[in-house]
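Read through the structure below, which is laid out as C-alpha cells, and then see the notes.
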Number of protein chains: 2
Amino acid sequence: MTAYQLDGMIKQPTRIQQKNTAAILEAALQVFSQHGFRGATLDQIADAAGLSKPNLLYYFPSKEAVHKTLLDGLLKTWLDPLRAMNPAGEPLAEIKSYVRRKLKLSRDFPRESRLFANEILQGAPRILDAISGDLKQLVDEKAAVIEAWIAQGRLARVPARHLLFSIWALTQHYADFDVQVRTILDKDHDPFAEAGDFLDVLFDRLLRAAPI
Amino acid sequence: MTAYQLDGMIKQPTRIQQKNTAAILEAALQVFSQHGFRGATLDQIADAAGLSKPNLLYYFPSKEAVHKTLLDGLLKTWLDPLRAMNPAGEPLAEIKSYVRRKLKLSRDFPRESRLFANEILQGAPRILDAISGDLKQLVDEKAAVIEAWIAQGRLARVPARHLLFSIWALTQHYADFDVQVRTILDKDHDPFAEAGDFLDVLFDRLLRAAPI
DNA sequence: ATTTTAGTTGACCGAATGGTCAGGTTGTGG
DNA sequence: CCACAACCTGACCATTCGGTCAACTAAAAT
C-alpha cells in the first residue's frame, strides 16, 4: 500500500505518517528552494529527510507531487497578509501593516520565498492557474480598495497594482537576495531590522496624501 | 583540437567560431535563466543552439564553463549603470537616471536578469567572489557618494545601501517576475512604461529633500 | 593539389536520475 | 499471541546526464 490518497487526502492516520511527511516537506523545501524543480533530486530530498528514496515514494507518488504539495501549502500563507488588509481601516496604517507582515514572512520563511521566486522565474508552469485565479482575484479586490482610498484623498495617487508589486519586490528581495544583501551589508548589520525602518519611511513618503 | 584556450582567450580566429560561440551563449542564456544551472542540460542548450552536443563541447570544455562565461559577461553589463552615476551631478537626477537605466535593462535583457536572480537564489556559489569583490567595492564607493549628498542636505535622509537595494528590487522585479506582473496587469497594459512612471514618482517622493 | 588545420558527429561510457517491486520488518487492534 | 495493516528497503530498470573519442568532412594555407 501507499500512504497517499489522491482524493483530497482527508485523514492523516498515524503519527509516524505525520512525522515523515513533515520531514519530507521540510527537506524538499530546502532542496527545491535552492535548486529549483529540475535541479532538485529525489535522492537529495530523501537524504535530507533521513529516509530512503523508496520510502519517500511511499508517502508521495512522485517528485512533482512533493513539489505541488509544497506550493499549494505556500500560496495560502503567502496571500494571507494581503487578505488581512482591512478596507475599513486607516489606509496608510493598513498598507504599512501589510508591508511589515510581508517583511516578517521574508525574515521567518526565506526558503518559502525563494521557492516561490524559483517557480515564477521558470514561468510559473506549475502555479499559473493559482496566479491567474486566486491571486489575480484577490489583487483585483484589494486594488479596488486602494483606489477607493485614493479617490477619497486618504492616500496619495499611485497605481494600485504597481504599489502592490513594489511591496512584494521590496520585501521579498531581502529573502530572495539574502546572500547579496548580507555580503554588501557588513557583518554587524541586521538586514531585516534596517529594512523595516527603511520601508516604513519609504511607504510613508510615497503614500502620505499631500496636505490640502 | 578544441576551440577554446584556457588563458584569457585572446583571439577569436575564425568567423564560424564567432557565430557558434554566440549561438551557444544565446541558447545557454535561454536555458540557464529558465531552469538554473543544475536544471539545465547540455542537450537542451546544444539543441537550442542548433548544434550537436559534442560540437558544443568543442567550443566550451564543460557545462560549468558555459555558465561561467555567461555570468562573467553579465556582471559588467549589470554594474555599468551604477558606475555611470556621477558624483558631480544633481543628486536626485542622478538617482532617477540610474533607476531608468536599470529598468531599461530589465525590459531589454530580462533573461540576463533572471540568470542573475537564479544564481543569487542558489546562494551565488559561482559568483560570490565577484559580489564580495567588485560589486561590494562599487557599492561602498557609491554609497559614500549618496551619503555625502545626504550630508549636504541635497537628498532626503535614507540608508544608502538600502536605497540601492530598493532600486535593484523594484527594477529587477519587472524582469524576474514578468509572468506574475503580466498575469495581474491586463493585456492592454505595458508593464515597463507604467513602472517607469511609478518608480519616478516613488523615488521623487522618497528622496526629495524636505524644504528647509 | 596537397597538406594542415578547423569543424563536426555517431557511437559510446560511467554515473545519476525518477520510479518500481517483491519481500521483509515493525507496529497495532483484537 | 495472532493477524493484519502500515512501514521500510535492497535490488533493479529504463532513461538521461555530462563528457570522451576516433573518425570524418570542410576550409585554409602552402
Side-chain angles (χ1 to χ4, degrees), chain A residues 1-7 9-25 27-28 30-32 34-71 122 125-126, chain B residues 1-6 9-28 30-32 34-71 122 125-126:
Chain A
M1 263 304 275
T2 57
Y4 51 89
Q5 53 254 49
L6 298 140
D7 52 304
M9 43 195 72
I10 317 144
K11 50 183 178 180
Q12 194 82 328
T14 75
R15 212 148 272 164
I16 185 163
Q17 199 163 136
Q18 286 187 7
K19 191 193 60 164
N20 281 347
T21 55
I24 291 170
L25 290 175
Q30 184 71 32
V31 177
F32 279 134
Q34 193 172 354
H35 297 291
F37 180 74
R38 291 191 28 173
T41 74
L42 282 180
D43 292 276
Q44 229 179 329
I45 297 171
D47 201 54
L51 300 175
S52 67
K53 186 166 56 171
N55 200 176
L56 188 158
L57 288 162
Y58 171 75
Y59 291 101
F60 291 90
S62 67
K63 181 182 175 182
E64 180 111 24
V66 180
H67 193 255
K68 183 171 162 27
T69 302
L70 225 40
L71 275 186
Q122 287 167 26
R126 278 165 271 273
Chain B
M1 262 305 273
T2 57
Y4 52 87
Q5 54 254 49
L6 299 141
M9 43 195 75
I10 318 144
K11 50 184 178 182
Q12 194 83 330
T14 75
R15 212 149 269 161
I16 185 164
Q17 200 164 132
Q18 285 187 7
K19 191 192 60 168
N20 281 347
T21 54
I24 291 170
L25 290 175
E26 159 71 21
Q30 184 69 33
V31 177
F32 278 134
Q34 195 173 352
H35 298 291
F37 180 75
R38 291 192 29 173
T41 74
L42 283 180
D43 291 275
Q44 228 179 329
I45 297 171
D47 201 55
L51 300 173
S52 66
K53 185 167 58 170
N55 200 9
L56 187 158
L57 287 163
Y58 170 75
Y59 291 101
F60 291 90
S62 67
K63 180 183 177 181
E64 180 111 25
V66 180
H67 192 256
K68 182 171 161 31
T69 302
L70 226 41
L71 275 186
Q122 287 167 27
R126 278 165 271 271

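What you see below is based on every heavy atom in this structure, not just the backbone, and it leaves out hydrogens, waters and symmetry mates. Residue numbers begin at 1 in each chain, while the letters A, B, ... track the order of the sequences.
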Open item on the list: Nearest 0.5 angstrom please: B:Thr41 OG1 to B:His35 NE2, how far?
Closed with: 8.5 Å
Task: Neighbours of DNA chain D within residues 37-54 of chain B, by heavy-atom distance under 4.0 Å - done: B:Ala40, B:Thr41, B:Leu42, B:Asp43, B:Lys53, B:Pro54
Open item on the list: Under 4.0 Å from OP1 or OP2 of C:dG10: is there any side-chain N or O of B:Asn55 that close?
Closed with: no
Open item on the list: Tell me whether the side-chain N/O atoms of B:Tyr58 come closer than 4.0 Å to OP1 or OP2 in C:dG7.
Closed with: yes
TODO: Would you indicate, yes or no, if D:dC7 has its OP1 or OP2 atom less than 4.0 angstrom from a side-chain nitrogen or oxygen of A:Gln17?
DONE: yes
Got a list of protein N/O to nucleotides 23-30 of chain D N/O distances below 3.5 Å?
none

Quick one: side chains of residues 46-61 of chain B, donor-acceptor pairs under 3.5 Å with protein atoms, not counting sequence neighbours, listed by atom name and distance.
| residue | atom | partner | partner atom | Å |
| --- | --- | --- | --- | --- |
| B:Ser52 | OG | B:Asn55 | N | 3.3 |
| B:Lys53 | NZ | B:Asp43 | OD2 | 3.4 |
| B:Tyr59 | OH | B:Asn20 | ND2 | 2.9 |

Please write out the pairs of protein N or O atoms and N or O atoms of nucleotides 27-30 of chain C separated by less than 3.5 Å, giving the distance to one decimal.
none

Task: Atom-pair distance (CD on B:Gln18; P on C:dA6), nearest Å - done: 15 Å
TODO: Please tell me which of the listed nucleotides, C:dG7, D:dT9, D:dG18, lies nearest to the side chain of B:Ala3?
DONE: C:dG7
Task: Atom pair distance, as rounded to whole Å: CZ in A:Phe60 and C1' in D:dC7 - done: 15 Å
Open item on the list: Could you work out, with side-chain hydrogen bond (donor to acceptor under 3.5 Å, both in side chains) as the rule, every residue matching B:Gln34, not counting sequence neighbours?
Closed with: none
Task: Phosphate contact (D:dC8 OP1 or OP2) by A:Asn20 side-chain N/O below 4.0 Å - done: yes
Open item on the list: Nearest to the A:Leu57 side chain among C:dG18, C:dG7, C:dT20, which nucleotide is it?
Closed with: C:dT20
- [ ] Calculate the interatomic distance between B:His67 atom NE2 and D:dG19 atom P; express it in whole Å.
- [x] 13 Å
Open item on the list: Just to be sure I understand the rule, does A:Tyr59 reach a base, reach only the sugar-phosphate, or reach nothing, if contact means heavy atoms closer than 4.0 Å?
Closed with: sugar-phosphate
Task: Counterpart residues, side-chain contact (heavy atoms from CB on, under 4.5 Å), relative to A:Phe37 (two or more places apart) - done: A:Phe32, A:Lys63, A:Glu64, A:His67, A:Gln122, A:Arg126
Open item on the list: Without decimals, in angstroms, what is the distance between A:Glu64 CD and C:dT17 C1'?
Closed with: 15 Å
Open item on the list: Rounded to whole Å, how long is the line connecting atom CG of B:Leu56 with atom C1' of C:dG7?
Closed with: 13 Å
Open item on the list: Within this structure, what is the CD-CD1 distance for the pair B:Glu26 and B:Ile45, rounded to the nearest 0.5 Å?
Closed with: 12.0 Å
